[in-house]
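Beneath this line is the structure, given in structure tokens, with notes to follow.
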Amino acid sequence: MERPAQICQTGNRSSSSSDFIDEQTATRGYAILQTDSNQVGQLIRLQNTLTPLNDNEIAIKYKIQNRRIFLGAESFFFEEGQVTLYQNAMYGGLKVDDKGESLLVGLYDENFQYIQPNK
């Protein structure tokens, strides 16, 4: 499988989504992630518009519910009996279009290797 455009860490985040939310924060907008050399994105700010973006930044549509940021790629369904395969996933692979829409395309381990389902 080809590597997705961006990979977002699924756990062990250094900052919580609530660090970016206050009473003035819009409930919908764009989460701006800065990507590193492994294409791992880290949330750096929220903004109401798709632009401006700096180098190594991507915009993903977000919504806030109960003081938590949702990027639209919150679930990954897999076949029954595959739980042990995915329990050590560290990253979710996202394809992101130029309008900020994201699609979860797979899960990756700590070495950025795509976790392939057993057939």
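Only this structure's heavy atoms are used, side chains among them; waters, hydrogens and symmetry mates stay out. We count residues from 1, following the sequence as given.
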Exercise. Ignoring hydrogens and geometry, is there a side-chain-to-backbone donor-acceptor pair from Thr51 to Leu53 under 3.5 Å?
Worked result: no
For this session: Report yes or no: does Gln34 contribute a side-chain atom to a donor-acceptor pair with the main-chain N or O of Asn54 at less than 3.5 Å?
Result: no
Exercise. Does Leu71 belong to the same Ile/Leu/Val/Met/Phe/Trp/Tyr cluster as Ile58, with side-chain heavy atoms less than 4.5 Å apart forming each link?
Worked result: yes
For this session: Look only at the side chain of Asp109 and the backbone of Asn111, and say whether a donor-acceptor pair between them is shorter than 3.5 Å.
Result: yes
Exercise. Is there side-chain contact between Pro52 and Gln47, with at least one heavy-atom pair below 4.5 Å?
Worked result: yes
Seminar exercise, completed: Heavy atoms of Val40 and Tyr91 approach each other most closely as CG2-CE2, 3.7 Å
Exercise. Can you list the steps and then say if Asn38 with Tyr108 is a side-chain contact (heavy atoms from CB on, under 4.5 Å)?
Worked result: CA-CA 12 Å; Asn38 290 309; Tyr108 293 75; over 6 Å; no
Exercise. Roughly how far apart are Leu94 CG and Gln39 CD, rounded to 0.5 Å?
Worked result: 11.5 Å
Exercise. Does one hydrophobic cluster hold both Ile60 and Tyr62, with members joined at side-chain heavy-atom distances below 4.5 Å?
Worked result: yes
Exercise. Say you draw a straight line from CD of Gln113 to CE of Met90; how long is it, rounded to the nearest 0.5 Å?
Worked result: 14.5 Å
For this session: Using the rule that two of Ile, Leu, Val, Met, Phe, Trp, Tyr join whenever any of their side-chain heavy atoms come within less than 4.5 Å, decide whether Leu43 and Ile64 are in one cluster.
Result: yes
Exercise. Quick one: CD on Gln42 to CD on Glu57, what's the gap to the nearest 0.5 Å?
Worked result: 11.5 Å
For this session: Answer yes if Ile44 and Leu33 sit in the same cluster of Ile, Leu, Val, Met, Phe, Trp and Tyr residues linked by side chain heavy atoms under 4.5 Å apart, and no otherwise.
Result: no
For this session: For Lys99 and Tyr30, work out which heavy atoms get closest and say how close.
Result: O-CE2, 3.7 Å
Seminar exercise, completed: Between Lys95 and Val105, the two heavy atoms sitting closest are CG-CG1, 3.7 Å
Exercise. Taking all non-hydrogen atoms of both residues, which atom of Leu50 and which atom of Ala59 are closest, and how far apart?
Worked result: CD1-CB, 3.7 Å
For this session: Could you check Leu46 against Ile69 for side-chain contact (heavy atoms from CB on, under 4.5 Å), going step by step and ending with a plain yes or no?
Result: CA-CA 10 Å; Leu46 301 177; Ile69 299 173; 4.0 Å; yes
Seminar exercise, completed: Nearest heavy-atom contact between Leu107 and Gly92 is CD2-CA, 3.9 Å
